[in-house]
Every structure is written in C-alpha cells, then in structure tokens.
Number of protein chains: 2
Amino acid sequence: MDEIDELLSIRAAELYYEENKTQDEIGQALRLTRWKVGRLLAQAKQRGFIRIEILHPRARRLPIERRLRDERGLADAIVVSTAGVTSPEELQARTAQAAADYLTALRPVPRTLGVSWGRTLFEISQHLRQGWATGVNVVQINGGVSLNRRPGTAAATAVGIAQKGGGSATLLPSPAILERLETKEAIESDRVVAGVIELARSADAYLFSAGAADHSSVHVESGYLSVPDVDLLVQKGAVGDVVGRYIDSDGNIVDPALDARTVGLTLDELRRAQLAIAVISGPGKLAVADAVVRSRLCTVLVTDEATALHLLDG
Amino acid sequence: MDEIDELLSIRAAELYYEENKTQDEIGQALRLTRWKVGRLLAQAKQRGFIRIEILHPRARRLPIERRLRDERGLADAIVVSTAGVTSPEELQARTAQAAADYLTALRPVPRTLGVSWGRTLFEISQHLRQGWATGVNVVQINGGVSLNRRPGTAAATAVGIAQKGGGSATLLPSPAILERLETKEAIESDRVVAGVIELARSADAYLFSAGAADHSSVHVESGYLSVPDVDLLVQKGAVGDVVGRYIDSDGNIVDPALDARTVGLTLDELRRAQLAIAVISGPGKLAVADAVVRSRLCTVLVTDEATALHLLDG
DNA sequence: GGCGATCGTGCTCAGATGAGCAGCCGGCCG
DNA sequence: CGGCCGGCTGCTCATCTGAGCACGATCGCC
C-alpha cells in the first residue's frame, strides 16, 4: 500500500469509527467506491491502525486466553484486561473477581474444593457471591494456623468460600512450616490432620495462588520464614512459592529439607489434579507465574493481561 | 440496565470486537437472540465501555473538530490525535504536518498568503511538499530580521513555503520589535517596508502561530526581548504573542507602548481577515491558544487533541 | 511488438446489521 | 379485580457490508 492509500485509510477510519458514516457515504466524501472504502478499512485494521479496547473492570482478553491455552497447554485461561487500571489494588481486585466468576460458572460444580490461603485467596472469597454454588465443601490443602496480626485470615478464607457456596469448610489445623522435621511428621500422623490431608487429596478441584520470593511474602509476614531465609532461597534459585512450597523457574523444589517440613499437599499431588486453578497476577509474580505454568502445576490460570503477555512473549 | 446486562454486554463486546464473531453467533453462545446482542453492543458503546482509537501520526479527531467549530465559532478546526505520541517533538511534527495538509487541500487556493515566522512555521514549511500549490505568493506579516544563532530562519520559512508552492516570497526587511518608537515609524514609512505591509494587508489568507509568554519565547532567543521584559509582560497579564504582539487572556494588547514599537500587521487587521489560520499546539500554549480563539484572532485553528479539549472543557 | 501474469477495480449476491413495530409481561391505579 | 401504561422482547424489512468474481490496465518477459 502506498502512502496515499495509507492516508485515505486513516481518513476513512475517522469517518467510519468517529463519525459513524456508512462506507457508502465515506465513498462519496472521498470520491471512492464503497468497495475501495471497505478495503481501506480492512487494511487499516489489519495494519494495526485501529485499536479497539473494552474499558471495564470485568473485561477479559479472549485472544490472549486462547494463546495461553494453545501455546502453553492450559486447559483454560482467564485473562483480565488491564486497560484503565490505576493501582495494584485494582488489578488484584479484578483478578480476584475473575477467579470468583470462573468458580461460579464452573461446570460440573465440584463437590469438594481444595484451597490454599493468602491475600489473593482471601480476596476471591470476598468477591464470591452468596449462593455462588449449592453445597460445595471446602478443604484447606496446606497448613496455615496464622501467626500474624490478622489471625484467622486463612480460616476465614476457606469458611467464607464454603459458607457462600452452601457447604462447609474443613480446616487443616497445622502450621504451614514446622521448625523440625520430626514435629512435622508427628503432626501429619495425627488422625485429624491425616484425615484432612486425605480429604484434600480427594478434592475435585484446587484453587490456589502463588507468592513471590521476596520479603513481602506471606510466609515472612506470618513468621514462618525470616528475611534471611528468603534471601537464601532466592540465592538457591527460588522464584516463589505454591501452597507454601518454594520452587525454582523449572518448578522444582528449591530446598528439599524445608519442603519436608512443610505441611500439606505436595506439588506432585497437585500436578495430578484434574482441575487446578492458579490465580496469579501482578508485576511481582511474573517469574513464579511462568514457573507454575511451565511445570504444569495448574490446568487453569487466572491472571492479568500484562502477566499473560509476559508468559507468551517474554 | 442492571448489572447482569452490563456483564453480558461486556462478554458480547469481547466476542464481537476481539473474536470477530457475528451477533448471531454471540447470541448462540450467550443464549440470547441476536437482537438482544445488538442492543447490548449498542449500550456498551453508548455507555463508553468501547474505546476505538486510530493510531496514526496523521490521524485527526473529527468529533473534537466539530465541537470546536460549533462551540467556539471557528470556521474550521484541525485537531491531530495525540494517541501514541511519545515526545513534544512528535506532537509538534504532527501538528505541523496537519497544517501543511490543510494548506495543501485549501480551496480556493490563495493567491497571496501572509505568514509569520517561528519554530512552528518553519516546521510547517518543511512538511509541505514540493508542488503543494501552483503559484502561491508568500508575504511576511511581521518583522523578523533574525538576530539569533540560526539567522535566516524567518526568511527560509517564507521562501520555502513560496518556492514549494510555485510562487515567490516577499520578505519584510525589518526587525520584529524596535527599541524606539521613532525608528519603528521611520522604518514603516520606508517605501519598501510600507509596500510589503500593504501587500500583507491584501493577502487572501494568513498563516501564523503563537508563542507562549515565557523564557523559551523566540523573542527572547532572538534578542528582541530580555528575560525581565517577558517577566514584566507576564505580570501585566500576558499569556503569549501573536505575530510578535503580546496579548492577555482576552486577546487585548498587554503593553501598548511595546506594541507600537512592533512592526507588522496589527491584531485588528488580522481579525478582519477572511481566512486566518492559527497553528498552536503543545502543553505550554494552552492559555495563548484560548486567548486567540476567544478573541477571534483566527478563523481556522490547527492544534492537538489535548489543547483542543482544554479549549472546550476548561 | 506480442503475450501472459499480476494487480487493482467495480460488479453480483448472500450474509450481517439496525430501525421500526407489534405483542407480551409486570406493575400500578381506579 | 380489571384495565392501562411502560418497558422489554423478538419479529419484518430495508440497508449495510464483505466475499467472490470478472474485467481491464499495467508491467515484465520473451
């Protein structure tokens, strides 16, 4: 296309999209036939001169979702639009809302849903509507008797999801990480704990997030790990954690000894799940999101546009 | 429209604009009739959820142009899009290009075109194509024997416009501002200068820009005014200059004594013109652009989207 | 100079879309 | 309880649009 056609296609696009003229009218105005106008508009689109954005907190990016499914082998992907996002909180809220929407629309409805805990999961529980399901039982899949200042967030998450879904929650009464291996093994052999873990293994679906490997981690905030602990993990190649277990960029456990002291579903158990929904968004979680997808820790990913594009192109 | 319809309209918009599905297909997917889908899409548009942008350096904003014509009483308005602009230089280039385009398309072609000088005018002269007109004579409308480091820019502007338009340029051989009133009157009574000004008065069309009243002014750069001079003008209410004459926000001369020492067309002579094309863009020129339009110094305005919106909304 | 390939153009026709309209349902008042 | 009104729905029909095709001009090649 020469320059004159390029200019004409811009003029045509202005009249078509901004002035709502018909292609025929544009043809008269620019002294072209309507077919020529149609071709110019098609070219303008195809050459990327026309950008159409959907500005809405609930807007999704279906083409990116398709690419994630096709190119990264996911069973499903939900990508929220970042158009018009002004704060990290809003991004988080949009992603959580999308995850809640996905859960609500999920068919068949899972009888038992395994959940982790954390900021993201808590927000999802808040975005779920009362009656989002009828009779969904929720089970915690990793330890989390919280030591932090907002005790009970982990429990509130599971209970909230269950209660709004017309079911009940089964909590895993154990710390996330124990200081000694013996204690961890003792706790796991406890009848109640063992029962919960057994229930978690049998869940129809899992819903979890991932944490970045930095000082803002919930594990640091909760006191399970110290700042130097995290630094050490990063040195060993950790990019983040999934259900409390730190992985490197290939999805492998970074520190087997630490992992052995971590209570809950193992990553391999998670990988065997039919339906594992990971909800990961935000610029700090690019690396861990990539690791989760690459190592097939999830079958479904809920994320934001920027993260999704990073997974595809970066 | 309730929330459920709002969400549906977003889903429909995603399928329509991002997936290129027909309204009928969307209807099947969302279990709606195609008419409902059509109405949802119309609502999404009307409520502003759909943003269509034309990304091109030559793109214009026709709806804003119309508003400028209607609400600000301009005979014509050219508004260049700022979408994708990364630098002030690019904005300047786009505006200059638009002005050049406007001149080229102008009918009837002016026999004599009065021009001012400055950065903007020089750039317009560069963006004009060889042969943009056949036989357009150019006359300078204000003094400008340049004292600055790039001597001859003013002359080069007029000559360039004339030469590319197949005509000749008539220069106004006088400084822009003289130190003494007597000198100014003497110069204006010079036969050659008087003849040029007479020719300028008889021009069919005028093309000029406006300067902001700050230290970056061409008058400071050229040595006609000192920094304290400008500060004083600003104190007196100056928002900028048009053809070398400083005006306040109502378009009135700020300093009559200074004005009397300024050589060239007066503002009232400019206001009587049938066709006066002002080219004003950039964030620093909001106030002077408003003054020019408010005081009817121009009949046609070439500007950028941001400036135009400022003129319209405050 | 003749020939075929290629491109751009404007047609036919079918599918997609929007305007206008009648019917239906729920709410409200007499 | 019945009738009226307003809003929503899904229809008909006219218009708009895109795909496919045939024609003619232009260009390069023989």
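For the numbers below, each heavy atom of this structure counts, side chains included, while hydrogens, waters and symmetry mates do not. Just so it is clear: chains get the letters A, B, ... in the order the sequence lines come, proteins before strands, and each one is counted from 1.
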Task: Spacing of I26(A) atom CD1 relative to dG18(D) atom P, expressed in whole Å - done: 10 Å
TODO: Report yes or no: does S209(B) contribute a side-chain atom to a donor-acceptor pair with the main-chain N or O of L121(B) at less than 3.5 Å?
DONE: no
Task: Euclidean distance, atom CD of residue Q23(B) to atom C1' of dC16(D) [Å, nearest integer] - done: 12 Å
TODO: Starting from the C-alpha separation in whole Å, work towards a yes-or-no answer on salt bridge (Lys or Arg N to Asp or Glu O under 4.0 Å) for R61(B) and E53(B).
DONE: CA-CA 10 Å; R61(B) 302 302 318 275; E53(B) 264 183 338; over 6 Å; no
Open item on the list: For dG10(C) and T33(A) - does any side-chain N or O of the residue sit under 4.0 Å from the phosphate oxygens OP1/OP2?
Closed with: yes
Task: No-H, no-angle donor-acceptor pair, R39(B) side chain to dG18(C) base, under 3.5 Å - done: no
Open item on the list: Can you measure W35(B) atom CH2 to dG7(D) atom C1' for me and round it to whole angstrom units?
Closed with: 19 Å
- [ ] Would you check if there is a donor-acceptor pair between the side chains of Q274(B) and T299(B) at a distance under 3.5 Å?
- [x] no
- [ ] In whole angstrom, give the distance that lies between atom NZ of K36(A) and atom P of dT17(D).
- [x] 17 Å
TODO: Send over the distance from K21(A) NZ to dT15(D) C1', rounded to a whole Å.
DONE: 17 Å
TODO: To the nearest Å, give me how far apart CD (Q46(B)) and P (dA19(C)) are.
DONE: 12 Å
TODO: Round to a whole Å and report the spacing from CG of D24(A) to P of dG10(C).
DONE: 13 Å
Task: Donor-acceptor under 3.5 Å (R51(A) side chain, I54(B) main chain) - done: no
TODO: Rounded off to whole Å, could you give me the CG-to-C1' distance for the L40(A) and dG8(C) pair?
DONE: 12 Å
Open item on the list: Using heavy-atom distances to pick each residue's nearest nucleotide on DNA chain C, tell me which of L32(A) and K45(B) is more 5'.
Closed with: L32(A)
Open item on the list: Is the phosphate of dA16(C) approached by Y16(B) (side-chain N or O, under 4.0 Å from OP1 or OP2)?
Closed with: no
